[in-house]
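Report on one structure; see the data block that follows.
Naming convention: chains lettered A, B, ... in sequence-line order (proteins, then strands); numbering from 1 in each chain.
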Protein chains: 2
Amino acid sequence: MLSIGALAKATGVKVPTIRYYEQQGLIAPPVRSEGNQRRYEPAARERLSFIRHARDLGLPLEAIRELLELSETPEMPCVDAHRIAGAHLGEVRARIARLRKLEAELERITSACDADTVGDCHVIHALADHSLCDSEH
Amino acid sequence: MLSIGALAKATGVKVPTIRYYEQQGLIAPPVRSEGNQRRYEPAARERLSFIRHARDLGLPLEAIRELLELSETPEMPCVDAHRIAGAHLGEVRARIARLRKLEAELERITSACDADTVGDCHVIHALADHSLCDSEH
DNA sequence: CTTGAACCTCTAGTCGCTAGAGCATTTAGG
DNA sequence: CCTAAATGCTCTAGCGACTAGAGGTTCAAG
C-alpha cells in the first residue's frame with residue numbers, strides 16, 4: 001500500500017494532481033488509513049502511469065477517460081482506441097501547421113526592422129496593420 | 001462615434017471580448033451615451049485591431065499590454081518590442097518542436113497496431129508502458 | 001514522546017475568453 | 001409618435017488542467 005506521496009514519486013504525477021484526478025473520476029477513491037489518509041494498491045501505479053503518459057502525449061482528460069474505460073474490457077474491438085488516438089494526431093498536426101504559419105510571420109516581422117525607435121519600428125507597425133502580412137491567420 | 005457592436009464588426013473582435021479587454025485595462029473606458037452605452041472614437045478601432053492582430057499571432061495579453069505601452073511613446077528605442085516578439089517566436093518554436101515529437105510518437109503508436117481487440121491493442125499498451133516509446137517526452 | 005514531514009479539505013487563482021440571466025436603451029418602420 | 005426588434009448593459013459562472021495557499025491533522029523516525 002502506497003501513500004499518495006509515494007505514488008506521486010513512483011509515477012511523476014504531483015500530489016495535488018492525483019487528488020484532482022480522483023475528483024474528476026479518472027482514478028477510483030482508494031481506501032483510507034485510520035487517520036483518513038489515502039492508501040493505494042500497487043495497481044494504482046499502472047493506471048496513473050497510463051494517464052501521465054497519455055497527458056504527456058497531449059491527450060485531453062476526456063479522451064483519456066474513454067481510453068481507460070476501453071482498456072477495462074480487453075475483449076472489445078480496439079477501433080475506438082485507434083479513432084481516439086488518430087483524432088488526436090490530426091489535432092496535433094493542425095496545431096503544428098498553424099504554429100508554423102505564426103513562426104514564419106513572426107520571423108518576417110522581427111527580421112525586417114532596423115529602426116531604433118518605436119515610431120519607425122517595423123514590429124509595431126506590422127502589428128498595427130494586418131495588410132503588411134504575408135498570409136492569413 | 002461607434003457603438004460597441006459597430007466596433008466589433010469593424011475589427012472582428014466579439015462584443016464580450018471588447019468589454020473584457022476594457023476590464024483588463026487593454027483599452028480605455030470610452031465615453032457613454034445618455035443611456036449608458038459605450039461610444040468609441042474612430043481611433044479605438046486601430047488599437048483594437050492591433051490587439052486582435054497580436055492575438056492572432058498568439059501573443060499573450062500581457063505581452064500585448066507591454067507593446068501597446070511602448071507604442072504610445074514613439075521616441076523610445078524599440079529593442080523592447082523586438083525582445084517581446086523574439087521571445088514569443090522562441091516559444092512558438094519550442095511548441096512546434098514539442099508537437100513534432102508528439103506527432104512522431106502518435107504516428108508510431110497508431111500505425112503499429114494490427115490487433116482487433118483491446119487486449120492486444122498496441123495503442124493501449126503503448127500508453128500503459130512508457131518504455132515502448134522512442135524518445136523522451 | 002516529540003518533532004517535522006507529509007497528509008487532509010477547502011477555496012481561489014491561472015488564461016482568454018464564452019454563455020446566460022435579467023434588464024435597459026436605441027433604432028427603424030409604420 | 002409609437003412599437004417592436006435589435007442591440008446594449010451588468011453580473012455571475014464555466015471551460016481545462018491544474019496550482020497555490022490556508023489552516024488543520026496524522027504519520028514515522030529518533
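- Checking B:Leu7, B:Leu68, B:Ile18 one by one against B:Ile27, the side-chain contact (heavy atoms from CB on, under 4.5 Å) holds for a single residue, B:Ile18.
- Once rounded to the nearest 0.5 Å, the distance linking NE2 of A:His82 with CD1 of B:Ile109 reads 10.5 Å.
- One finds the OG1 atom of A:Thr110 at 9.0 Å from the NE2 atom of A:His122 (value rounded to the nearest 0.5 Å).
- For the atom pair B:Leu2 CG and B:Arg39 CZ, the distance stands at 9.5 Å (nearest 0.5 Å).
- Checked by atom type and distance alone, the side chain of A:His53 pairs as donor or acceptor with a backbone atom of B:Leu127 at under 3.5 Å.
- Atom P of nucleotide D:dG16 and atom CD1 of A:Ile64 are separated by 13 Å, given to the nearest angstrom.
- Contacts of residues 8-23 of chain B with DNA chain C (heavy atom under 4.0 Å): B:Lys14, B:Thr17, B:Tyr20, B:Tyr21.
- The only option from A:Val92, A:Ile51, A:Ile64 that meets the side-chain contact (heavy atoms from CB on, under 4.5 Å) definition with A:Leu59 turns out to be A:Ile64.
- Nucleotide C:dC7 holds its C1' atom 15 Å from the CG atom of A:Leu2, rounded to whole Å.
- In this structure the side chain of B:Arg83 reaches within 4.5 angstrom of the side chain of B:Glu66, judged on heavy atoms.
- Summarising the geometry, the separation between CZ on B:Arg32 and P on D:dT7 is reported as 19 Å, rounded to the nearest angstrom.
- The distance between atom CE of A:Met1 and atom P of C:dA6, rounded to the nearest whole Å, is 21 Å.
- Rounded to whole Å, atom C1' of D:dT7 lies 11 Å from atom CD1 of B:Ile4.
- Every residue two or more places apart in sequence or in another chain that forms a salt bridge (charged side-chain N to carboxylate O under 4.0 Å, His left out) with A:Glu22 is listed here: A:Arg38.
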Could you go over nucleotides 27-30 of chain D and give all protein N or O partners under 3.5 Å, atom names and distances?
unit_1	atom_1	unit_2	atom_2	d
D:dC27	OP1	A:Ser33	OG	3.0
D:dC27	OP1	A:Gly35	N	2.9

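- We find that CZ of B:Arg38 is positioned 17 Å from P of C:dA24, with the value rounded to whole Å.
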